2 protein chains.
Amino acid sequence: MGSGKSKVTITDVARAAGVSSSAVSYALNGKPGVSEQTRNKVLEIADSMGWKPNSAAKALSVAHTHTIGVVLNASSTLLGVEPYFMELFSSVGVELEKEDYSLLLRFAHDDDEALRVHRNWIAAGSVDAVMIFNVEIGDRRVELYCQHPEVPALVFSDASVSGGLTTISSNDADGTRQIVKYLHDLGHTHIARVAGPERFGHTYLRDRVFSEETTKYGMRYDCLHADYTPQEGRDCTKRLLTLPQTPTAIVYDNDVMTIEGLHVASAKGINVPEDLSLISWDDSYLCTVTEPRLTALARNIPALGGQVVSMLYALIDGESVANQFEPGYRLITRESTAVPRAE
Amino acid sequence: MGSGKSKVTITDVARAAGVSSSAVSYALNGKPGVSEQTRNKVLEIADSMGWKPNSAAKALSVAHTHTIGVVLNASSTLLGVEPYFMELFSSVGVELEKEDYSLLLRFAHDDDEALRVHRNWIAAGSVDAVMIFNVEIGDRRVELYCQHPEVPALVFSDASVSGGLTTISSNDADGTRQIVKYLHDLGHTHIARVAGPERFGHTYLRDRVFSEETTKYGMRYDCLHADYTPQEGRDCTKRLLTLPQTPTAIVYDNDVMTIEGLHVASAKGINVPEDLSLISWDDSYLCTVTEPRLTALARNIPALGGQVVSMLYALIDGESVANQFEPGYRLITRESTAVPRAE
DNA sequence: CTGAAAGCGCTTACAG
DNA sequence: CTGAAAGCGCTTACAG
């Protein structure tokens, strides 16, 4: 309603300083076209009047909103459980802060709703760039932003599913190798994995490299696909533990499933790590909370922020930026892994 | 840069429809001043051309951004650990979605930086309203928004610290009563609490009601103040367990500290719940992950979203809205609480 | 019911 | 170095 009526505008400042509004604009934006004297005077007066550029007016003029868009899946019960997004936003947000950029956040129930938001953002010019997560093969968001290069998209996925959009990828091949080598060095010869959904690009990549590495080492490898939820973590573990030949180690694609796997094992009287080693892909506070604490593959999210934001700014500036990898994974060994019991 | 060049504007639609741009505006906004015929034609054409209102232009005209601002504390290591914010944002975000409102998110390192962002938002007209969390006594954000009623603030705190700004409060008095009564009914006569920081309004309120209720029941009550971190959860538990007279139950103001308390107890050979009952204030997945699982006081965050958003909309519409309470707390009893061992 | 015009608060060529 | 003017894409009184 009547809000903003009392706001001080560039015209007020101009009047107070006795110059034109364009002079004020030049002064305020550090552009040439105004003497040092006037510039200083304007700066001082603007400051004393508490002037700040109206964001809508500025956005309309320069066609930049100083905003990075993200739409999240609201129906994912894992949003609250998994710290990933909050940690990432925090790390990215701190960097964005330096240039007064904001995160524009939306929650969609399904893919259609998400797509609607993205379409709207593109047509309305609401964001300077977007970050896209959980990309699936043939993702419609990827398709959409390929058709609209005017709003740059940074895709958090393996480059194989980004349709040419700029990606930042976790180095899943390397992470997989670290895990398999570690288990092999401990003496395991039969490992299993409870993986994420097959439709995600990084799942596919992990699947492939797990197969390659285990055959390289002559290990037996079983893989079940799940959806990251506690329920499926439990179910898959039960199935693996009733196999005629039981694995001596299980790798889970997230920490929540690992924890549920641990509970299933102890309910069955199977000791971790003596009888069974468990590794969580993704480290978090959760992994330090169980008994035993969980060996986990950790990503360096705090370091990720700067990298992400500089990619975003480069994209916004119209530069072409190469696909990059996140800071490397690091295996944190705790008490859930050990030498397998001799048969 | 050259982005937005190809965007379809209201003028393009007007030209295509053979009417004036004002007619288009009326038609698109469902306002009178245009015949049904023209309205339908315009709607159809606008749709077929893929027109969407430019958000900056609209915001500049109507002085509304369709945006709710939140600035979070980036240096809190608990952001990733505690699911509260993500769950709340998700629940609020789903409601906001229906009216195409967005969350505008910033991360500040300290109070000064947060205050700077808020000042900027006010002067720049960047948000239609803000949500404010973790309010302290004498909070400068409260002071700021009291001076600027033109941008409404919804404060998540006890009404005693909001300086008259509209609040939505968790019913901490009721929650406290539930906990104390439950422990009393089990037979506990000496309970302790590891509380949050004293500077928070809700901590103060819990402190007071805990005192009242325990004296009402004739229970002994010890209280230590901590900062929600794992470290202080451990330290405070150790201090409580080396008291000459040891409590038979400990209540923690968050789940993270409860879990650390559990670890301290088992390290000392103290059995939970036989020797010591533990209750977490705030329920989350974490509470179901430990052995034993934790009895916890749960808030109903999914139900909170609708309530919060309708308050926000009312505030934005300039209505005066009364302070409200969140949906009530519910005590979830699990295996970390029991009848105390007879002395 | 309809169109021409002014305004929201900025920026940016364009003349002086 | 400086000012007057047009433009960003909408909305909204104001005349016809």
Side-chain angles (χ1 to χ4, degrees), chain A residues 1-42 46 49-66 100 120 122-126 128 150, chain B residues 1-42 46 49-66 100 120 122-126 128 150:
Chain A
M1 293 284 93
S3 82
K5 244 52 214 160
S6 59
K7 289 289 142 51
V8 17
T9 76
I10 214 175
T11 318
D12 301 326
V13 176
R15 193 175 305 130
V19 296
S20 72
S21 63
S22 41
V24 173
S25 177
Y26 291 136
L28 261 8
N29 291 312
K31 300 209 168 167
V34 70
S35 70
E36 271 313 293
Q37 274 195 16
T38 355
R39 184 185 305 276
N40 290 333
K41 188 165 84 176
V42 167
M49 296 177 77
W51 177 88
K52 293 280 160 53
N54 176 285
S55 46
K58 186 141 195 168
L60 183 55
S61 292
V62 303
H64 269 5
T65 58
H66 260 224
D100 266 309
N120 211 64
I122 292 172
S126 306
D128 289 356
E150 70 271 23
Chain B
M1 292 287 91
S3 82
K5 244 51 215 164
S6 58
K7 288 291 141 49
V8 18
T9 77
I10 214 175
T11 317
D12 300 326
V13 176
R15 194 176 303 131
V19 297
S20 73
S21 64
S22 40
V24 174
S25 177
Y26 290 136
L28 260 9
N29 291 311
K31 299 210 169 166
V34 71
S35 70
E36 272 313 293
Q37 274 194 15
T38 356
R39 184 185 306 277
N40 291 332
K41 186 165 85 177
V42 167
M49 297 177 76
W51 177 88
K52 293 280 160 55
N54 175 285
S55 45
K58 185 143 197 166
L60 182 56
S61 292
V62 303
H64 269 4
T65 57
H66 260 223
D100 267 308
N120 211 63
I122 292 172
S126 306
D128 289 356
E150 70 270 22

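Letters A, B, ... mirror the listed sequences (proteins, then strands); counts begin at 1. Since the model is a prediction, treat every value here as computed from it, not as a measurement.
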Student: How long is the straight-line distance from OG of Ser126(A) back to NE2 of His66(B), given to the nearest 0.5 Å?
Tutor: 11.0 Å
Student: Measure the distance from CG on Asn40(A) to P on dC1(D) and round it to the nearest whole Å.
Tutor: 13 Å
Student: In whole angstroms, how far is the C1' atom of dC10(D) from the NE2 atom of His66(B)?
Tutor: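 Rounding to the nearest Å, NE2 of His66(B) and C1' of dC10(D) are 14 Å apart.
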Student: Rounded at 0.5 Å granularity, tell me how far CG in Leu60(B) sits from OG in Ser55(A).
Tutor: 9.5 Å
Student: In whole angstroms, how far is the C1' atom of dG7(D) from the NZ atom of Lys7(B)?
Tutor: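 My rounded result for the distance is 18 Å.
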Student: For DNA chain C, list all stems, counting runs of three or more consecutive pairs where every pair is Watson-Crick or G-U wobble with both distances under 3.5 Å.
Tutor: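 Detected stem regions: C:1-3 with D:14-16, C:5-12 with D:5-12, C:14-16 with D:1-3.
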Student: Remember a base hit wins even if backbone is also touched, and classify Thr11(A) as base, sugar-phosphate or nothing at under 4.0 Å, heavy atoms.
Tutor: nothing
Student: Quickly work out the Arg15(A) CZ to dG9(C) P distance and round it to whole Å.
Tutor: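 Those two atoms, CZ and P, are 12 Å apart.
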Student: Return the minimal non-hydrogen interatomic distance between Glu150(A) and Ile122(A), and the atom names on each side.
Tutor: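 Closest pair (atom of Glu150(A), atom of Ile122(A), distance): OE2-CG2, 3.8 Å.
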Student: For dT11(D), take OP1 and OP2 only and decide whether either is under 4.0 Å from a side-chain N or O of Lys58(B).
Tutor: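 Yes, Lys58(B) has a side-chain N/O under 4.0 Å of OP1/OP2 on dT11(D).
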Student: Over all strands shown, is Ser35(A) touching base, sugar-phosphate only, or nothing at heavy-atom distances under 4.0 angstrom?
Tutor: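 It contacts sugar-phosphate atoms only.
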Student: For a quick test of reading the model: is some side-chain N or O of Trp51(A) closer than 4.0 Å to OP1 or OP2 of dC10(C)?
Tutor: yes
Student: So, OP1 or OP2 of dC10(C): does either fall under 4.0 Å of a side-chain N or O from Ser25(A)?
Tutor: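 So the side chain of Ser25(A) is outside the cut-off, no N or O lying under 4.0 Å from OP1 or OP2 of dC10(C).
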Student: Quick check: on DNA chain C, is the nucleotide nearest Ser21(B) upstream (toward 5') of the one nearest Leu60(B), or the reverse? Name the residue that is more 5'.
Tutor: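 Closer to the 5' end of DNA chain C: Ser21(B).
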Student: Donor-acceptor pair under 3.5 Å: do we get one between Ser22(B)'s side chain and the base of dA4(C)?
Tutor: yes
Student: For the atom pair OG1 (Thr9(A)) and CG (Asn54(A)), what is the distance rounded to the nearest 0.5 Å?
Tutor: 9.5 Å
Student: Can you name the closest pair of heavy atoms from Gly50(A) and Ala123(B) and give their distance?
Tutor: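 Here Gly50(A) and Ala123(B) meet closest at O-CB, 4.2 Å.
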Student: Tell me the interatomic distance from Asn54(A), atom CG, to dC8(C), atom C1', rounded to whole angstroms.
Tutor: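 Between C1' of dC8(C) and CG of Asn54(A): 8 Å.
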Student: Do Asn29(A) and Lys58(A) pass the side chain to side chain contact (heavy atoms under 4.5 Å, CB included) test, and can you show the C-alpha distance, the side-chain angles, and the key distance before you say yes or no?
Tutor: CA-CA 12 Å; Asn29(A) 291 312; Lys58(A) 186 141 195 168; 3.4 Å; yes
Student: Using a cut-off of less than 4.0 Å, is there contact between a side-chain N or O of Ser20(A) and OP1 or OP2 of dT2(D)?
Tutor: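 For dT2(D), neither OP1 nor OP2 has a side-chain N or O of Ser20(A) closer than 4.0 Å.
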Student: Under 3.5 Å, is there a donor-acceptor pair between the side chain of Arg39(B) and the main chain of Lys31(B)?
Tutor: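 At least one qualifying donor-acceptor pair exists.
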Student: I need the NZ-P distance between Lys31(A) and dC10(C), as an integer number of Å.
Tutor: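 One finds 15 Å between P of dC10(C) and NZ of Lys31(A), rounded.
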Student: In whole angstroms, how far is the P atom of dG9(C) from the CE atom of Met49(A)?
Tutor: 13 Å
Student: Tell me what Thr9(A) touches on the nucleic acid: a base, only sugar-phosphate, or nothing, going by heavy atoms under 4.0 Å.
Tutor: sugar-phosphate
Student: For the pair Trp51(A) and Leu28(A), evaluate side chain to side chain contact (heavy atoms under 4.5 Å, CB included) and give the outcome as yes or no after the intermediate values.
Tutor: CA-CA 10 Å; Trp51(A) 177 88; Leu28(A) 261 8; 3.5 Å; yes
Student: Tell me which of Arg39(A) and Ile10(B) sits closer to the 5' end of DNA chain D, going by the nucleotide each one is nearest to.
Tutor: Arg39(A)
Student: Could you give the OH-to-P distance, from Tyr26(B) to dT12(D), as a whole number of Å?
Tutor: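 It is 8 Å, rounded to the nearest whole Å.
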